[in-house]
There are 2 protein chains.
Amino acid sequence: MKQSKRKKLETKGWKVGAAADFLNLTPEEELFIDMKISLSRSLKELRIRKRLNQVDFAKLIKSSQSRVAKMEAGSASVSFDLLIKSLLALGASEKDLAKAIRL
Amino acid sequence: MKQSKRKKLETKGWKVGAAADFLNLTPEEELFIDMKISLSRSLKELRIRKRLNQVDFAKLIKSSQSRVAKMEAGSASVSFDLLIKSLLALGASEKDLAKAIRL
DNA sequence: TGCATATATGTCATATTTGACATACACTTA
DNA sequence: TAAGTGTATGTCAAATATGACATATATGCA
């Protein structure tokens with residue numbers, strides 16, 4: 001993994017693998033994180049395109065501004081389930097999600 | 001929603017929405033469930049293609065046979081996170097997952 | 001029939017994720 | 001400068017998902 005990418009993840013609460021050791025990140029773990037980050041990006045993009053601020057979007061999905069911020073920051077404490085629910089709430093289709101995973 | 005589909009979900013622990021009322025299933029909720037079920041199917045398919053039984057696969061992902069069964073049954077108690085981790089463990093790529101979501 | 005293998009279902013203590021809240025930070029504009 | 005707006009970060013009790021376990025069911029085969 002590139003040094004720059006590693007640094008980025010460390011700050012977001014990602015403790016991957018048993019040893020929380022970024023040197024031992026398996027390819028699957030990296031893919032898993034990459035996909036979440038991809039969804040994060042799509043979420044932020046979509047929210048902004050809909051001209052919603054984090055507070056209003058949080059209300060829309062019955063969550064909180066802080067959690068929206070964490071979603072968009074690619075925080076490790078956010079599940080795929082929440083990301084996907086959020087994207088669907090913004091009107092994303094299955095096709096959109098399939099695309100978003102890989103962006 | 002079709003009657004047949006509704007019946008199927010009811011048996012798998014899906015209590016959707018506040019009222020657990022299948023008559024009030026929003027399109028987003030339905031999409032959410034559909035996607036999980038799609039991943040379930042792909043998972044089962046991939047596992048069998050790799051000639052693993054549920055016990056051995058459970059060991060591979062450090063889980064249990066019962067949870068693998070629940071994953072493949074499309075149980076409501078299974079998260080996207082676990083489904084995706086499992087698929088990645090079977091060698092699925094981001095592309096594969098993007099496809100699997102929509103099958 | 002009994003035995004082996006594979007899968008399904010239910011329960012539960014533990015682990016993780018959640019929304020809520022407080023508060024900090026960044027930026028604009030008056 | 002202060003006030004307003006939007007976003008980020010940390011904490012925590014409650015909600016949800018988890019692996020482990022027991023047990024049930026199904027199928028094949030001696």
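Scope of the values below: all heavy atoms of this structure, side chains included, with no hydrogens, waters or symmetry mates. None of the values given here were measured: they were computed from a predicted structure. Residue numbers begin at 1 in each chain, while the letters A, B, ... track the order of the sequences.
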Donor-acceptor check, side chain of A:D96 to backbone of A:S93, threshold 3.5 angstrom: yes or no? yes
Base, backbone or nothing for each nucleotide of nucleotides 14-19 of chain C, written B, S, -, heavy atoms under 4.0 angstrom, 5' to 3'? ---SBB
On a heavy-atom basis, which atom in A:S40 and which in A:G74 lie closest, and how many Å separate them? OG-CA, 3.5 Å
Calculate the interatomic distance between A:Q54 atom CD and D:dG6 atom C1'; express it in whole Å. 7 Å
Quick one: is B:R51 getting a side-chain N or O under 4.0 Å of the C:dA6 phosphate, OP1 or OP2? no
So, B:K36 side chain and B:V78 main chain: donor-acceptor pair closer than 3.5 Å or not? yes
Between the side chain of A:T26 and the main-chain N/O of A:E29, is any donor-acceptor distance below 3.5 Å? yes
Length of the line joining A:E72:CD and D:dG6:P, which is rounded to integer Å: 14 Å
Result for side chain to side chain contact (heavy atoms under 4.5 Å, CB included) between B:V68 and one of B:E72, B:K70, B:Q65 points to B:E72
Would you check if the side chain of A:K85 reaches a backbone N or O of B:F32 as a donor-acceptor pair within less than 3.5 Å? no
Round to the nearest Å and state the distance from B:Q65 atom CD to C:dG10 atom C1'. 13 Å
Figure out the NZ/C1' separation between B:K44 and C:dA6, and round it to whole Å. 10 Å
